[in-house]
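Each remark here refers to the structure printed beneath this line.
In what follows, chains are A, B, ... by sequence order, proteins preceding strands, each numbered from 1.
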Amino acid sequence: MSTRWSCSDGLTFNGMKQELEELLRAALAGLAGGILTEAPVASSVVVERTRDAQHGDFASNVALRLAKPAGRKPRELAAAIVAALPQSPLIRRAEVAGAGFVNFYLAPEAYARELAAIHERGAAYGGSTIGRGERVLLEFVSANPTGPLHVGHGRQAAYGATLGNILAASGFAVEREYYINDAGRQMDILAVSTWVRYLEVCGEQLPFPQNGYRGEYVLPLARQLQAAVGRELRRPATEVAAGLPADAPAGDKEIYIDALIERARLLIGGDGFARVLALSRDAMLGDIRGDLAEFGVVFDHWASEAALADSGAIDHALAVLEAQGRLERRDGAVWFRASEFGDEKDRVVVRENGQKTYFASDIAYHLQKRERGFERLIDVLGADHHGYVARVRAGLAALGQPAACLEAPLIQFVSLYRGAEKIPMGKREAQFVTLRQLRAEVGNDACRFFYLMRSHEQPLDFDLQLAKSRSNENPVYYIQYAHARVASVMKQLAARGLSFDRTEGLANIGRLAASHEQAVLGSLTQYPEVLEQAAVSRAPHTLAHYLRELANAFHSYYNAEAFIVADPPLRNARIALVLGVQQVVRNGLALLGVSAPESM
RNA sequence: GUGCCCGUAGCUCAGGCGGAUAGAGCAUCGGCCUUCUAAGCCGAGGGUCGCAGGUUCAAGUCCUGCCGGGCACGCCA
């Protein structure tokens, strides 16, 4: 007994809502040629949960929407729809209400069947095929390997990982990718930062470049370098500093650090510098990778920008643009006429000095994603990157790809608080809070949940005090507690020498007529709808909100009724219900990357 | 200046492809543990959904303008 079976077009039903919509479509098709001149488009047929139980379990506004084009009164049309509804064991009663709503009152059988589906499908319950196997490349975090991840990256990691889970559960063929920006000047700056710290460790005294990476994390890199090469790359401070332009504030920090990088290459050779760079990069990447893995965030691919460049992909993309006549030389640089493809202005792809810009590698990278066979490209970006999307879309369009295949959820910033006090955070300053520190302080579960409980489109105030509190103020524990409580009920059941009879329980779901039981059934069976909504809207936070509501319905029920009662059919029905709650809570928390403890 | 996002209860936020009486948590106040975990439950108070127009049978939701806040606008990465 399951709610999933094939219907005529090969789709599978997913939850009660889809079944009702199918019934409604059948009714409307039956009216075509009569009260309706033609059958309405399928997407306009929508059934929604009612806010008020007085309006039944589900309601549809189709009659209101179709009344005008059909030239009928809404209530008249609604009545015709009700009359044309096919017989279904799911529907106890359907009626016209209000201005012309069709309200559906479900039969107990509908809930019994859905609950049975939860028991049967277990961890797979809630999943669907709405993605139709679409190949999605989900790129997220992609932080430069020039320092540890900070709390902002953490939010992107939590969002991306959970979105990936939700899409995978919804029938998308999703692959997760981290793009490593390991080419370009920033890596040189990291390398020179490591080298200067190394010289300090060796005993040389020289000023640290203003534009270098000043974070504490560079010191271990320097020590690692020393352990690897001894004094081989040590050079006297006087030789390093001789004849360099002034650093900020007197001089220009950019000019200074470029000169310093050049000096380093001269003194320790290109090979020596490459060695420092590789060690620094690998150490940082190792740190990032380990951090993410501990956070439960794993990637299918780690794509290297340097490797992309070496493969000739950038030259390939530029050649295609050239062949299409989309490039032009201006002021010694090569420009892509992005404004012809919806961008606000043209963009440089090759600078006057001959170096390709980041934008050039970005469009090459996105072209390559398409050429790898991905239909949909999702870039999870920090909110400050919003200008970037139109640019890359323009590039894709010019390369013959559909611009709409790229979507970019923008993740708003995170502010850290301790209670009411805001923790200041600099960008390149040494004072940022790392993801590692945050996780160590509040734990992975609270961290994941707090990152995901707000819409990603909304700036997040992350209160460390609240996340750490092991109290009723903390929503994570509230949900986990529901899971643990069910486990506890099962232990009690065993302790009393009783066992759960699932068949009897599912056969007696009709006995669960109390208001709290109806509320739990109602909330529980919404899970497939919530998951679908979260997938379609790329909105994991709806899942977090839903789990809170489900836990709330459960806790109320727990306080109102004893589950382990003497009457076996009723007892088994109640336990079937709360086991269903436990299963859905576990499934939902798993998608969010939060553990579901058996006891608390 | 231009573009994007945001403005909902004292605080933090859901709801936003229009739909029935606008929700939740926290905070405040008042109740519930001899019975499956009180990290829980029940109840109360708290709102001109920034302002002004418009579209519609119906607007927190769509459109326009304004006010207020955030972010982005390099031959940086």
Kindly confirm or rule out a cation-pi arrangement of A/Arg93 over A/Tyr105, judged by NZ or CZ under 6.0 Å from the six-membered ring centre and within 45° of its axis? yes
The glycosidic conformation of B/rC32, counting syn as within 90° of 0 and anti otherwise, is anti
Between the side chains of A/Tyr478 and A/Asn552, is a donor N or O closer than 3.5 angstrom to an acceptor N or O? yes
Do A/Asp379 and A/His366 pair up side chain to side chain, a donor and an acceptor below 3.5 Å, judged on atom types alone? yes
Has A/His385 got its ring stacked on B/rA72, by the test of a centre gap below 5.5 Å and a plane angle below 30°? no
Do we see a donor-acceptor contact under 3.5 Å between the side chains of A/Arg485 and A/His555? yes
Check whether any side-chain N or O of A/His555 sits under 4.0 Å from OP1 or OP2 of B/rA38, and answer yes or no. no
Does any donor atom in the side chain of A/Tyr557 or A/Glu517 lie under 3.5 Å from an acceptor atom in the other side chain? yes
A/Gln186-A/Tyr358 side chain donor-acceptor pair, cut-off 3.5 Å: yes
Kindly express the pairing pattern of RNA chain B in dot-bracket notation, using | wherever a base pairs with another strand and counting only Watson-Crick or G-U pairs under 3.5 Å. (((((((..((((.....[...)))).(((((.......))))).....(((((..]....))))))))))))....
Examine B/rA14: is either OP1 or OP2 under 4.0 Å from a nitrogen or oxygen in the side chain of A/Gln458? Give yes or no. yes
Residue whose nearest RNA chain B nucleotide is more 5′ - A/Lys491 or A/Leu410: A/Leu410
Would you say B/rA20 has OP1 or OP2 under 4.0 Å from some side-chain N or O of A/Arg51? yes
Under 5.5 Å and under 30°: A/Phe101 stacked on B/rG19: no
Hey, which sits more toward the 5' end of RNA chain B by its nearest nucleotide, A/Asn181 or A/Leu460? A/Leu460
Distance criterion of 3.5 Å, no angle test: do you see the side chain of A/Asp188 paired donor-to-acceptor with the base of B/rA77? no
Non-neighbouring partners of A/Ala553 that pass side-chain contact (heavy atoms from CB on, under 4.5 Å), sequence neighbours left out: A/Val520, A/Ser523
Side chain A/His386 and base B/rC71 donor-acceptor under 3.5 Å: yes
Using the C1' atoms only, state how far B/rG23 lies from B/rC49, rounded to an integer number of Å. 12 Å
Quick check on B/rC41: is either OP1 or OP2 less than 4.0 Å from any side-chain nitrogen or oxygen of A/Asn552? yes
B/rG74, OP1 or OP2 - any side-chain N/O from A/Arg347 closer than 4.0 Å? no
